[in-house]
There are 2 protein chains.
Amino acid sequence: MSSCDQCVVRNRAICSALDKDEINSLNGIGRRRSLVAGESLIWEGEDSVLVANVIEGVLKLSTGTEDGREQIVGVVYPSDFIGRPFGGTTNHGVTALTDARVCVFSRGDFDNFAREHPGLEHKLLQRTLTELDRTRRWMLLLGRKSASEKVASFLLELSDRLAPATCEPGDEGKANRFVLPFSRQQIADVLGLTIETVSRQFTRLRGEGIIDLPSRREVIITDRFALTAEAG
Amino acid sequence: MSSCDQCVVRNRAICSALDKDEINSLNGIGRRRSLVAGESLIWEGEDSVLVANVIEGVLKLSTGTEDGREQIVGVVYPSDFIGRPFGGTTNHGVTALTDARVCVFSRGDFDNFAREHPGLEHKLLQRTLTELDRTRRWMLLLGRKSASEKVASFLLELSDRLAPATCEPGDEGKANRFVLPFSRQQIADVLGLTIETVSRQFTRLRGEGIIDLPSRREVIITDRFALTAEAG
DNA sequence: CGCCCGCTTGATAGCGCTCAACATGCGTGG
DNA sequence: CCACGCATGTTGAGCGCTATCAAGCGGGCG
């Protein structure tokens with residue numbers, strides 16, 4: 001029933017490295033799980049006990065300081081991998097931003113399975129290298145960009161990453177209209193800003209006719225060129 | 001001569017996954033290279049043609065905006081791996097901060113070798129996962145910490161990472177006295193600050209008796225407890 | 001000795017944070 | 001169906017931290 005055969009991310013997730021028999025045995029150690037928006041799958045600082053693939057929805061990876069400041073250190077989308085295989089504790093919490101479905105494995109089971117299937121480890125390595133590249137690019141934004149550049153960059157990144165889901169093939173895999181999976185506070189936590197600064201940048205961009213905001217959670221990019229210029 | 005047998009990072013680098021025969025064939029496709037401080041090994045945006053292991057020295061990974069702002073996105077130490085295997089372009093430059101020696105491979109050769117040696121890929125995966133964790137922790141610093149917290153955190157991290165080299169076994173693998181491999185500008189580029197702010201934080205910490213600065217490039221941590229408190 | 005580069009120190013300004021009031025939307029219950 | 005309350009987001013006023021601009025210092029090297 002919950003077979004991998006009909007999994008919508010079957011050909012994009014790391015599972016694509018496996019043949020039919022291998023998929024079946026992987027299926028044996030994993031299970032589906034649904035999350036409602038706001039629900040956490042993993043908490044910061046706990047032992048790494050599970051790993052997972054995202055089937056549907058958007059989740060955040062976040063860490064914070066003792067005095068309550070928070071920073072979102074990553075956002076994962078369908079077909080992305082979650083968790084810390086091969087020992088160690090998880091340094092960041094994982095929380096659903098939208099309702100989500102994931103395919104979870106006990107870390108021990110997954111570790112053993114992966115070690116016996118180099119093809120899977122190879123896919124995981126590629127994914128991890130890509131994620132590291134993306135994270136490093138984000139460091140430039142956090143360390144060196146102004147608030148307006150941060151917000152513009154954020155919207156452009158989102159329009160890229162959400163494209164497969166919204167599927168409006170106007171701009172070659174870039175969505176010009178989408179629903180934000182983030183509250184204003186969460187956007188602030190991604191960009192290292194405050195909620196007020198994010199809000200002001202949104203209204204400014206709307207005032208300049210670069211974006212439109214039909215509702216709190218909806219964004220339309222009306223002038224992608226100008227937005228790209230804003231992103232620095 | 002340049003055999004891996006006598007390599008000082010032989011047991012710490014990813015090569016430790018290999019047996020004697022495998023090491024020999026890896027030796028066949030790699031070569032040693034020396035870099036002087038300031039010399040670049042890889043440039044931002046170029047095709048990924050090389051990968052390497054660090055044998056000796058410290059190197060920075062950095063990216064910048066078109067208008068000249070720079071952000072250091074990683075720092076690598078002996079036994080660390082450099083470069084982007086398995087396709088793609090390199091998103092950041094790699095430049096020696098000190099004189100350095102590295103063990104370089106053509107990326108194509110390395111890719112092929114790695115795919116035939118799952119143990120090596122496994123080590124590389126572990127290393128990449130660890131680096132991703134470290135990078136994400138750094139995002140909290142860039143996005144949410146004040147200048148004083150940034151500088152304190154930086155000094156503590158350095159005292160950890162430099163410990164194997166300085167080897168003064170007083171504080172369980174943490175060096176209380178070390179030579180900075182960074183100029184003030186480079187420290188600013190790591191922390192997302194300006195050179196002036198870094199300088200002011202240094203003199204403040206010295207004034208409060210938390211650190212001592214015998215010369216521009218030397219640091220002594222005189223009150224680790226207070227420095228840890230400063231780091232937030 | 002004198003220049004040059006890296007660093008420090010000082011004065012000022014501006015960006016983004018803080019605190020606060022207000023708006024909007026949504027669910028709940030009368 | 002409207003009244004109300006709460007959560008989320010917007011707008012405003014003022015301030016503080018860090019950037020910016022500028023001058024001075026000091027050590028190393030020709």
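Chain A is the first sequence line, chain B the second, and so forth, proteins listed ahead of strands; every chain is numbered from 1.
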> Has A:R184 got a side-chain N or O lying under 4.0 Å from the OP1 or OP2 atom of D:dT10?
Replying inline: yes
>> Is there a side-chain contact between A:T203 and the phosphate of D:dT11, meaning an N or O under 4.0 Å from OP1 or OP2?
In response: yes
> side chain to side chain contact (heavy atoms under 4.5 Å, CB included) between B:N53 and B:D80: does it pass, once the steps are laid out?
Replying inline: CA-CA 6 Å; B:N53 273 308; B:D80 285 344; over 6 Å; no
> Relative to the 5' end of DNA chain C, which residue comes earlier, A:T194 or B:V198, by the nucleotide with the nearest heavy atom?
Replying inline: B:V198
> Rounding to a whole Å, what distance do you find between B:R204:CZ and C:dG10:P?
Replying inline: 15 Å
> What is the distance from atom CZ of A:R217 to atom OG1 of A:T98, rounded to the nearest 0.5 Å?
Replying inline: 9.5 Å
> Can you find a donor-acceptor pair, distance only, under 3.5 Å between B:R200 side chain and C:dG10 base?
Replying inline: yes
>> Minimum heavy-atom separation for A:Q201 and A:A147, please, with both atom names.
In response: NE2-CB, 4.0 Å
>> If I take atom CD in residue B:Q185 and atom P in nucleotide D:dT20, what distance separates them, rounded to the nearest angstrom?
In response: 11 Å
> Heavy atoms under 4.0 Å, any strand shown: does B:S215 hit a base, just sugar-phosphate, or nothing?
Replying inline: nothing
>> Tell me the interatomic distance from A:L205, atom CG, to D:dT11, atom P, rounded to whole angstroms.
In response: 13 Å
> C:dC5 P sits how many Å from B:R217 CZ, rounded?
Replying inline: 16 Å
>> Side-chain N or O of A:T197 versus OP1/OP2 of C:dG16: is the shortest distance under 4.0 Å?
In response: no
> Over how many whole Å does the gap from A:I195 atom CD1 to D:dT11 atom P extend?
Replying inline: 13 Å
>> I need the CD-P distance between A:E70 and C:dC17, as an integer number of Å.
In response: 16 Å
>> We want to know whether B:T130 and A:R84 form a side-chain donor-acceptor pair, criterion being a heavy-atom distance below 3.5 angstrom.
In response: yes
> What do you reckon, are the aromatic ring centroids of B:F110 and B:F81 less than 6.0 Å apart?
Replying inline: yes
> How many Å lie between CG on B:L213 and C1' on C:dG6, as a whole number?
Replying inline: 15 Å
> Toward the 5' end of DNA chain D, which comes first, A:E196 or A:R216, by nearest nucleotide?
Replying inline: A:R216
>> Can you measure A:R206 atom CZ to D:dT11 atom C1' for me and round it to whole angstrom units?
In response: 11 Å
